[in-house]
Amino acid sequence: MRRLYPVPFRMIEQDQQFKKWQWIEVGVEKAPADHRPESHRVDIGSLKVAEKVTTQDKWAQRREWIDKMPTFTSFDEIQRACKDEQMSIALLRPKQVLGLEIKDARSKDWTADEKEKLMRAQMQGDLFSEAQAKQQVKELRKVPYDFYYSYVFDTPQGEQRCTHKIVDWEAGALFWHVFREHGPTGWKEKFRAKLEEDLIKKDLMFLMGNQHRFQDQWLIISLIYPPKQALVDTRQGSLF
């Protein structure tokens, strides 16, 4: 797997904009200041959009690629792989997702330090001027809440519980959609209906990523949620 950045999505050309689960062709190079092995810088000017990977046949095309990813069933295993192999992106299949926690964000708006980091990210590679980067950061709304999944996984000592913050872009987009549609008093019910009811019923997996400066701190950077597959009892030839 690869971590590609910066991708200033709002400022790239319309015919270069792509969706989740869509192939792209783009020039990359190893990020010199980021020592995580998966981290690469993108040459946005070279980006070309190709075909989408669809959900047809119960995610058959997507599962083909999901199955090629190293998949972990224990967060402890991810931490060991990080220590031993410097791995910084991992697919986690939790034993059970317990629920969703919603907290007020520490700051409802971007702090000065966050704005500076966002602007520097957009200016990497001299793709955009400082004025363009400032304008993009100004237009970027901060979600005023933080979202967390609690889950359990097995260890030799028994079940262990973990809680990790969700920073998936889709979760933020869902928040703004339900907030706009249902207002400050109704959005939580609709948001929970999606993340705490709908997704948990699926084969929910977490794409985990750690932070460059604090590599012992992990976040859920993407949610992957194919439909559950029927299990086959080979002794009876039945589905259950």
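Just so it is clear, the values below take in all heavy atoms, side chains as well, and ignore hydrogens, waters and symmetry mates.
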Smallest heavy-atom separation, Asp43 atom then Val26 atom, equals O-CG2, 3.4 Å

Passes side-chain contact (heavy atoms from CB on, under 4.5 Å), Leu207 versus Ile89? Steps please. CA-CA 7 Å; Leu207 187 61; Ile89 304 177; 3.8 Å; yes

Rounding to 0.5 Å, atoms NE2 (His182) and NZ (Lys188) come to a distance of 15.0 Å

Starting from the C-alpha separation in whole Å, work towards a yes-or-no answer on salt bridge (Lys or Arg N to Asp or Glu O under 4.0 Å) for Asp146 and Arg106.
CA-CA 9 Å; Asp146 293 331; Arg106 187 173 301 176; over 6 Å; no

Scanning both residues in full, the closest heavy-atom pair of Ser46 with Gly27 reads OG-N, 2.8 Å

Treating His40 as the side-chain partner and Glu38 as the backbone partner, does any N or O pair qualify as donor plus acceptor under 3.5 Å? yes

- Task: Hey, can you tell me if Phe175 and Phe147 have their rings parallel, tilted or perpendicular (30° and 60° cut-offs)?
- Result: tilted

**Message:** Does atom NZ (Lys30) have a neighbourhood of more than 12 heavy atoms from anything else shown, all under 6.0 Å?
**Reply:** yes

Inset, instruction - Name the orientation class of the two ring planes belonging to Phe206 and Tyr149 (parallel below 30°, tilted from 30 to 60°, perpendicular beyond 60°). - result: parallel

Task: pair Arg192-Ile102: side-chain heavy atoms closer than 4.5 Å - done: yes

Leu98 and Val152 have their tightest heavy-atom pair at CD1-CG1, 3.8 Å

Output for pair (Ile44 CD1, Tyr5 OH), nearest 0.5 Å, gives 13.0 Å

Interatomic distance, CD@Gln96 vs CG@Asp154, rounded to 0.5 Å, equals 10.5 Å

Of all heavy-atom pairs linking Lys19 and Gln22, the shortest is N-OE1, 2.9 Å

For Lys190 and His177, indicate whether the former's side chain and the latter's backbone hold a donor-acceptor pair under 3.5 Å. no

### Message
Are there over 12 heavy-atom neighbours, none belonging to Glu189, within less than 6.0 Å of that residue's CD?
### Response
no

Q | Within one Ile-Leu-Val-Met-Phe-Trp-Tyr cluster: Val178 and Tyr148, side-chain cutoff 4.5 Å | A | no

What do the steps show when you test Leu100 against Ile166 for side-chain contact (heavy atoms from CB on, under 4.5 Å), and what is the final call? CA-CA 10 Å; Leu100 176 74; Ile166 305 165; 3.9 Å; yes

Notebook entry, point to check: Same cluster or not: are Met208 and Phe214 linked, directly or through other Ile, Leu, Val, Met, Phe, Trp or Tyr residues, by side-chain heavy atoms under 4.5 angstrom apart?
Noted result: no

_Cluster overlap Tyr225 with Phe191, hydrophobic side-chain contacts below 4.5 Å_ = yes

Any side-chain heavy atom of Asp104 sitting closer than 4.5 Å to one from Tyr145? yes

Margin query: So Arg63 and Asp203, do their side chains get closer than 4.5 Å, heavy atoms only?
Written below: yes

Are Ile224 and Trp169 connected into the same hydrophobic cluster when the rule is that any two of I, L, V, M, F, W, Y join if their side-chain heavy atoms are below 4.5 Å apart? no

Sorted by chain and residue number, the side chain to side chain contact (heavy atoms under 4.5 Å, CB included) partners of Leu219 (sequence neighbours excluded) come out as Lys165, Val167, Gln211, Ile221

Distance col, row Leu92:CG vs Met69:CE, nearest 0.5 angstrom, shows 13.0 Å

Which is it for Thr55 and Arg62 under the side-chain contact (heavy atoms from CB on, under 4.5 Å) test, yes or no, and what are the steps along the way?
CA-CA 7 Å; Thr55 60; Arg62 294 185 180 185; 3.5 Å; yes

- Task: Apply the test side-chain contact (heavy atoms from CB on, under 4.5 Å) to residues Lys142 and Ser107: give CA-CA distance (whole Å), side-chain angles for both, the deciding distance (0.1 Å), then the verdict.
- Result: CA-CA 9 Å; Lys142 181 178 181 179; Ser107 172; 4.0 Å; yes

side-chain hydrogen bond (donor to acceptor under 3.5 Å, both in side chains) with Ser88: of Arg3, His212, Arg36, only one passes, and it is Arg3

What one should report as the nearest heavy-atom pair of Leu204 and Leu199 is CB-O, 3.6 Å

- Message: Strictly distance-based, threshold 3.5 Å: is any side-chain N or O of Gln16 a donor or acceptor partner for the main-chain N or O of Lys48?
- Response: no

If we only count heavy atoms from C-beta on, is the Met87 to Asn210 side-chain gap below 4.5 Å? no

Test your reading of the model: is there a side-chain donor-acceptor pair from Arg93 to the backbone of Thr71, 3.5 Å cut-off? no

Correct closest heavy-atom pair for Ser222 and Lys20 would be OG-NZ, 3.0 Å

### Query
Is there a side-chain contact between Tyr151 and His164, using heavy atoms and a 4.5 Å cut-off?
yes

CG of Leu223 to CG of Asp168, rounded to nearest 0.5 Å, is 4.5 Å

When rounded to the nearest 0.5 Å, the distance separating NZ of Lys194 from CG of Leu174 is 7.5 Å

Exercise. Establish whether Val42 and Met1 are linked, either directly or via other cluster members, by ILVMFWY side-chain heavy-atom contacts under 4.5 Å.
Key: no

Heavy-atom side-chain contact between Phe75 and Pro94 under 4.5 Å: no

(request) For the residue pair Glu77 and Arg80, establish whether any side-chain heavy-atom pair is separated by less than 4.5 Å. (result) yes

query = Just wondering, are more than 12 heavy atoms of other shown residues or ligands nearer than 6.0 Å to CD in Glu25?
reply = no

Worksheet entry | Test item: Arg2 side-chain N/O and Val28 main-chain N/O as donor-acceptor pair under 3.5 Å | no

Report task. Side-chain contact test, heavy atoms from C-beta onward, threshold under 4.5 Å: evaluate it for Phe72 versus Phe153 and give yes or no. Result -> no

